[in-house]
Amino acid sequence: MKNLWSFTVDDIGLDGYSTEKQLNNILDFCDEHKMKITLFVVPESDDKRMDKRLGYVSILRDAIKRGHEVAQHGVKHERFEIGIPPEMIMMLPHEGPARKFLAENRDQLTDEHTIEKICKKLRLGRTIIEDTIGEPVQGFRSPALQACENMFIALVEENYKYDSSTYLQKAGWDLLNGIKSKPQKITRESFNSLQKSKIMREFPLTTDYTWYLKKENFDEALKLAMHDYEACIMAQIPFVPLCHVGPIHEGDDGLGFELYRRLLSNINAKSLTLLEISEVF
Ligand SMILES: [Zn+2]
């Protein structure tokens with residue numbers, strides 16, 4: 001197998017975490033480095049539908065012409081719209097209100113996450129993105145990695161070609177939570193154990209190395225990114241890092257992009273979109 005990897009970007013269109021200017025910057029960076037990437041777009045943010053936001057519509061249509069992929073990121077990017085985020089995400093400092101909500105409403109959320117209700121929400125979001133780009137959407141990633149068994153069943157029922165809502169490297173969030181930990185082992189077995197169906201591919205991401213990246217965490221984050229890349233290549237599975245539109249810009253001194261510049265000088269393969277990888281892997 002060739003070394004496969006895909007640079008993926010989350011939260012496109014999510015107010016407070018994404019601007020058109022920042023998205024353009026990322027696309028320019030990727031073109032400069034000849035990377036094809038997958039853009040996970042939020043269908044509706046703060047009651048604004050993506051297909052009505054003409055600035056984004058034109059950037060996204062142009063991105064597709066440049067060879068990138070547009071995929072779906074949840075529905076409204078609410079914390080519990082189709083599942084529950086993993087513990088390490090719920091621990092992040094900005095998740096305080098969501099933690100409180102979860103503690104008080106867990107049973108009600110289980111009633112909310114039936115296959116039928118999830119399918120309906122998925123369709124709603126997918127239609128908005130398809131109207132935005134004028135072509136079919138094949139891939140999905142849930143907001144804040146929320147998930148439940150019914151979500152994966154619903155994704156298969158709705159014929160998504162791939163999902164990327166699972167993860168392989170918890171140490172990235174430990175770094176953000178100030179917890180000292182060793183990198184998680186990444187193996188073919190851990191990848192296989194996350195596959196949900198024979199007909200829908202699951203492409204677990206590793207982690208986000210550039211979430212408001214601070215100077216003091218730079219070396220550790222870069223080391224983790226190199227570790228994960230090499231582990232994925234050894235395991236012969238695709239390396240799928242993610243970044244977020246605003247946060248990769250808003251760390252110390254542009255270090256988010258610097259991390260990728262350094263990582264890229266060690267990677268001897270071009271980033272492909274997840275859809276392209278789903279066709280060859
Ligand atoms: Zn998100």
Side-chain angles (χ1 to χ4, degrees), residues 10-11 13-17 40-50 71-129 137 139-160 162-174 176-179 181 184 190 192-205 207-208 211 242 244 247:
D10 279 19
D11 286 0
L14 181 64
D15 285 343
Y17 295 88
F40 285 99
V41 178
V42 179
E44 189 178 326
S45 176
D46 252 355
D47 292 329
K48 288 183 300 236
R49 289 168 54 116
M50 186 45 99
Q72 181 183 351
H73 190 40
V75 188
K76 298 182 175 182
H77 210 284
E78 290 166 352
R79 270 300 163 273
F80 307 106
E81 58 193 13
I82 47 173
I84 293 177
E87 179 83 37
M88 84 266 174
I89 291 201
M90 295 304 295
M91 275 167 68
L92 292 171
H94 69 283
E95 298 291 355
R99 273 197 299 275
K100 186 163 181 286
F101 183 87
L102 180 61
E104 289 163 4
N105 296 282
R106 205 175 262 276
D107 290 347
Q108 184 202 320
L109 287 173
T110 311
D111 297 342
E112 212 26 61
H113 297 154
T114 64
I115 297 170
E116 201 188 345
K117 284 184 184 169
I118 295 173
C119 282
K120 213 171 140 193
K121 287 186 191 175
L122 289 173
R123 276 202 289 276
L124 190 76
R126 192 180 200 169
T127 306
I128 294 175
I129 305 294
V137 162
F140 184 82
R141 177 176 287 157
S142 66
L145 301 183
Q146 60 187 269
C148 63
E149 282 314 306
N150 284 347
M151 179 189 92
F152 294 109
I153 296 169
L155 286 164
V156 173
E157 275 193 14
E158 293 295 316
N159 294 312
Y160 286 84
Y162 72 85
D163 171 66
S164 181
S165 306
T166 54
Y167 64 94
L168 292 167
Q169 188 50 274
K170 183 174 165 287
W173 286 277
D174 287 343
L176 295 175
N177 283 316
I179 299 170
S181 71
Q184 222 175 320
S190 50
N192 286 345
S193 72
L194 294 169
Q195 300 302 311
K196 306 291 175 185
S197 145
K198 286 199 169 59
I199 49 176
M200 181 184 73
R201 257 298 141 89
E202 180 64 30
F203 291 126
L205 51 92
T207 190
D208 183 346
W211 177 267
L242 87 151
H244 291 76

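The residues of the chain are indexed from 1 along the displayed sequence.
- Residues that satisfy the ring pair (Phe, Tyr, Trp, His ring centres under 6.0 Å) test with Phe40, not counting sequence neighbours, are absent from this structure.
- Of the possible donor and acceptor atoms, none in the side chain of Asp163 sits under 3.5 Å from a partner among the backbone N and O of Met200.
- Checking side-chain atoms of Ser142 against main-chain N and O of Ala147 turns up no donor-acceptor pair under 3.5 Å.
- Heavy atoms only, all atoms of each residue included: Met50 and Gly13 are closest at CE-CA, 3.6 Å.
- With Glu44 as reference, Asp47 is the one residue of Val42, Asp47, Asp46 to meet the side chain to side chain contact (heavy atoms under 4.5 Å, CB included) rule.
- Taken from CD in Glu95 to CZ in Phe101, the straight-line distance is 13.0 Å, to the nearest 0.5 Å.
- Of all non-hydrogen atoms in Leu168 and Gln184, the two that sit nearest each other are O-OE1, 3.3 Å.
- The pair Glu112-Lys121 meets the salt-bridge criterion, since a charged nitrogen lies less than 4.0 angstrom from a carboxylate oxygen.
- Looking only at side-chain heavy atoms (C-beta outward), Leu155 and Cys119 stay at 4.5 Å or farther from each other.
- Residues meeting the ring pair (Phe, Tyr, Trp, His ring centres under 6.0 Å) test with Phe152, sequence neighbours left out: none.
- Here the straight-line distance linking atom CG of Leu102 with atom CD of Glu87 works out to 9.0 Å at 0.5 Å rounding.
- Residue Lys48 places its NZ atom among more than 12 non-hydrogen atoms of other residues, nucleotides or ligands, all under 6.0 Å distant.
- The nearest pair of heavy atoms linking Arg99 to Pro93 is NH2-O, 4.4 Å.
- Leu145 pairs in a side chain to side chain contact (heavy atoms under 4.5 Å, CB included) with only one of the listed residues (Leu205, Thr166, Ile84, Leu242), which is Leu205.
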Stepwise side-chain contact (heavy atoms from CB on, under 4.5 Å) test for His73 and Leu14: CA-CA 10 Å; His73 190 40; Leu14 181 64; over 6 Å; no
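- Within 6.0 Å of NZ in Lys76 there are 12 or fewer heavy atoms belonging to other residues, nucleotides or ligands.
- Taking every heavy atom of both residues into account, Pro143 and Glu81 meet most closely at CG-OE2, 3.3 Å.
- When side chains are defined from C-beta on, Ile118 counts as touching Leu122, because their heavy atoms get closer than 4.5 Å.
- Counting non-hydrogen atoms of other residues, nucleotides and ligands closer than 6.0 Å to CD of Glu104 gives a total above 12.
- Gln72 contributes no side-chain N or O that, together with a main-chain N or O of Pro43, makes up a donor-acceptor pair within less than 3.5 Å.
- Without hydrogens or angle criteria, Arg201 side chain to Ser164 main chain gives no donor-acceptor distance under 3.5 Å.
- In this structure, Asp10 pairs ionically with Arg141, as a charged nitrogen and a carboxylate oxygen lie closer than 4.0 Å.
- A donor-acceptor distance shorter than 3.5 angstrom exists from the side chain of Gln146 to the backbone of Glu78, with no hydrogens or angles considered.
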Steps toward side-chain contact (heavy atoms from CB on, under 4.5 Å) verdict (Val41, Ile128): CA-CA 10 Å; Val41 178; Ile128 294 175; over 6 Å; no
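- Between Trp173 and Tyr167, the ring planes lie perpendicular to each other; the angle is over 60°, past the 30° to 60° tilted range.
- Judged purely by atom type and a 3.5 angstrom limit, Glu202 has no side-chain atom pairing as donor or acceptor with the backbone of Lys196.
- Taking the charged nitrogens against the carboxylate oxygens, Glu158 and Arg123 do have a contact shorter than 4.0 Å, which makes a salt bridge.
- Using a distance-only test at 3.5 Å, with no hydrogens or angles considered, a donor-acceptor pair links the side chain of Asn150 to the main chain of His113.
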Step-by-step side-chain contact (heavy atoms from CB on, under 4.5 Å) determination, Ser181 to Lys170: CA-CA 9 Å; Ser181 71; Lys170 183 174 165 287; 6.0 Å; no
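- Note: Tyr160 and Phe140 have perpendicular aromatic rings, judged against thresholds of 30 and 60 degrees for the angle between ring planes.
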